[in-house]
Amino acid sequence: MTNFFRKIRQQQFIKNKFTKYIIYAFGEILLVVIGILIALQVNNLNEQRKSDIKEKKYLISMKNELLTNLELVKTEVEGLKRSINGQRELISLINSEKDTVNEIELSKILAVSFSNVFELKYQDGTFKELLYSGGLISINSDRIKNEVTSWEGRMIDIRKQEKGVYDAREKIIDFIIDNGVFKIMLDDVGASNHFQIRKSIRRNSNKLLLKSQKFENLLSYHIALNESQKYYYLRLENDISNLLRLVEKELNKN
């Protein structure tokens with residue numbers, strides 16, 4: 001009988017020992033799993049922190065570019081307005097029945113109207129990096145992503161418009177050279193002195209341009225193109241302002 005109870009005690013001891021081993025092994029596995037999860041969480045937090053830093057860097061670069069471009073657009077719009085006003089003044093002189101302008105005044109109006117080439121010196125280094133270097137994935141805002149991906153199309157349209165205006169301007173300049181007195185215009189606005197060109201001895205007139213139907217046609221076409229270009233610039237100015245607000249909103253979240 002004594003041996004019988006001894007065997008029962010030994011079995012209970014072995015059973016309890018195995019149960020404790022199972023509990024211990026499970027505890028070790030649980031600790032390893034928890035350690036792995038913590039490591040993954042820390043790694044995810046580090047990756048997120050790196051991504052946030054990268055996004056902030058892009059957003060700051062975008063903001064700086066947009067601010068610069070906004071001022072560039074405003075400057076071009078003001079110059080374009082002066083050019084259009086000069087061209088409209090020429091149209092008024094063409095349609096005037098009286099000779100209401102002297103040669104020097106006419107030279108100044110011609111110079112204001114056609115001296116400048118309006119081409120936006122747009123900065124887009126950050127936009128190109130976002131589009132072509134995979135940087136766009138770092139931007140969280142879908143609205144900003146959509147704006148960036150569609151921005152190049154806007155600029156292509158503007159470049160086409162600028163090219164049309166440039167070509168029309170060149171035709172007017174060629175017409176003035178062939179049918180007017182370009183040198184007198186240079187003399188009257190002081191450009192001859194600037195370029196160290198001796199002033200012309202002859203004093204012919206550019207007023208004959210005002211009697212030319214072709215000059216009026218070229219001028220009218222050029223005004224229409226300039227107005228269209230101004231519209232494109234003003235629309236771009238509005239788009240830049242809207243995108244700036246989106247970028248600043250994202251920066252304020254960080």
Side-chain angles (χ1 to χ4, degrees), residues 68-123 155 157-238 240:
T68 299
N69 289 330
L70 187 61
E71 292 305 311
L72 289 173
V73 173
K74 288 179 179 180
T75 300
E76 291 298 298
V77 168
E78 291 305 310
L80 197 52
K81 286 179 179 178
R82 289 192 293 271
S83 179
I84 292 172
N85 289 337
Q87 292 160 27
R88 292 194 183 282
E89 192 169 355
L90 286 173
I91 289 290
S92 297
L93 293 173
I94 289 172
N95 294 319
S96 176
E97 295 181 357
K98 297 181 179 179
D99 185 356
T100 58
V101 66
N102 62 47
E103 197 66 43
I104 294 178
E105 289 173 342
L106 179 58
S107 293
K108 290 179 179 179
I109 296 170
L110 289 169
V112 168
S113 300
F114 307 115
S115 290
N116 295 315
V117 175
F118 297 100
E119 182 178 1
L120 192 60
K121 304 298 187 295
Y122 193 83
Q123 297 184 11
M155 294 310 301
D157 291 339
I158 287 175
R159 295 307 183 205
K160 288 179 180 177
Q161 184 64 31
E162 288 174 339
K163 179 64 166 54
V165 172
Y166 177 83
D167 291 344
R169 172 185 173 274
E170 288 300 293
K171 288 181 180 179
I172 293 179
I173 297 295
D174 289 343
F175 185 84
I176 294 174
I177 291 173
D178 292 340
N179 300 276
V181 191
F182 193 78
K183 182 62 170 60
I184 284 182
M185 184 179 71
L186 294 179
D187 291 347
D188 289 342
V189 299
S192 294
N193 289 334
H194 177 76
F195 295 118
Q196 298 181 353
I197 304 173
R198 181 176 295 180
K199 287 189 176 183
S200 179
I201 297 175
R202 293 174 295 177
R203 287 298 298 179
N204 296 322
S205 176
N206 278 315
K207 290 185 179 182
L208 291 177
L209 295 172
L210 304 177
K211 300 182 182 299
S212 167
Q213 184 62 59
K214 184 174 182 179
F215 181 70
E216 183 179 10
N217 290 341
L218 291 171
L219 182 57
S220 299
Y221 180 61
H222 194 250
I223 290 174
L225 288 177
N226 272 333
E227 286 288 355
S228 180
Q229 185 170 350
K230 186 179 74 173
Y231 165 78
Y232 274 97
Y233 281 170
L234 289 173
R235 189 174 67 175
L236 180 63
E237 182 181 334
N238 183 66
I240 291 174

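Here the structure is a predicted model, which is why all the values come from computation and not from measurement.
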For the pair D167 and K171, find out whether any cationic side-chain nitrogen is under 4.0 Å from an anionic carboxylate oxygen.
no
Would L80 and V165 count as a side-chain contact (heavy atoms from CB on, under 4.5 Å) if you check the C-alpha gap in whole Å, the side-chain angles of each, and the deciding distance to 0.1 Å?
CA-CA 11 Å; L80 197 52; V165 172; 5.6 Å; no
Report yes if the side chains of M155 and I158 come closer than 4.5 Å at any heavy-atom pair, otherwise no.
yes
For the atom pair CD1 (I91) and CG (L219), what is the distance rounded to the nearest 0.5 Å?
4.0 Å
Could you walk me through whether V181 and M185 pass the side-chain contact (heavy atoms from CB on, under 4.5 Å) check?
CA-CA 7 Å; V181 191; M185 184 179 71; over 6 Å; no
So, E162 and Y166: side-chain donor and acceptor under 3.5 Å apart, yes or no?
no
Of all the heavy-atom pairs spanning I104 and N102, show the shortest one and how long it is.
N-OD1, 3.1 Å
Taking the side chain as everything from C-beta on, heavy atoms only, tell me whether L225 gets closer than 4.5 Å to Q161.
yes
Side chains of L72 and T75 in contact at under 4.5 Å (non-hydrogen atoms)
no
Interatomic distance, K211 atom NZ to E216 atom CD [nearest 0.5 angstrom]
12.5 Å
Separation between CG of L93 and CG of L90, rounded to the nearest 0.5 Å:
6.0 Å
Do you know which two heavy atoms are closest between S83 and N226, and how far apart they sit?
OG-ND2, 4.2 Å
Apply side-chain contact (heavy atoms from CB on, under 4.5 Å) to the pair I172 and F215, showing each step before the final yes or no.
CA-CA 7 Å; I172 293 179; F215 181 70; 4.0 Å; yes
Kindly compute the distance separating CD1 (I84) from CZ (R82), expressed to the nearest 0.5 Å.
11.5 Å
Please lay out, stage by stage, how Q229 and Y233 fare under the test side chain to side chain donor-acceptor pair (under 3.5 Å).
CA-CA 6 Å; Q229 185 170 350; Y233 281 170; 2.9 Å; yes
Do L236 and Y232 have side-chain heavy atoms sitting under 4.5 Å apart?
no
Contacts under 3.5 angstrom, residues 110-120 side chains, donor-acceptor by atom type, not counting sequence neighbours:
residue, atom, partner, partner atom, Å
S113, OG, G86, O, 3.4
S113, OG, Q87, N, 3.2
S113, OG, I109, O, 2.7
S115, OG, A111, O, 2.5

Roughly how far apart are K74 NZ and E78 CD, rounded to 0.5 Å?
10.0 Å
Taking side chain to side chain donor-acceptor pair (under 3.5 Å) as the test, write out the residues that go with R88, two or more places apart.
E227
Can you name the residues that form a side-chain contact (heavy atoms from CB on, under 4.5 Å) with S92, not counting sequence neighbours?
none
Short question: side chain of N206, backbone of G180 - any donor-acceptor pair under 3.5 Å?
no
Any idea which heavy atoms bring A168 and H222 closest together, and the distance?
CB-CD2, 3.6 Å
Quick one, K230 and L234 - any side-chain contact, counting heavy atoms below 4.5 Å?
yes
Other residues, nucleotides and ligands only: do more than 12 of their heavy atoms fall within 6.0 Å of NZ on K108?
no
Straight-line distance of S212 OG to L218 CG, nearest 0.5 Å:
7.5 Å
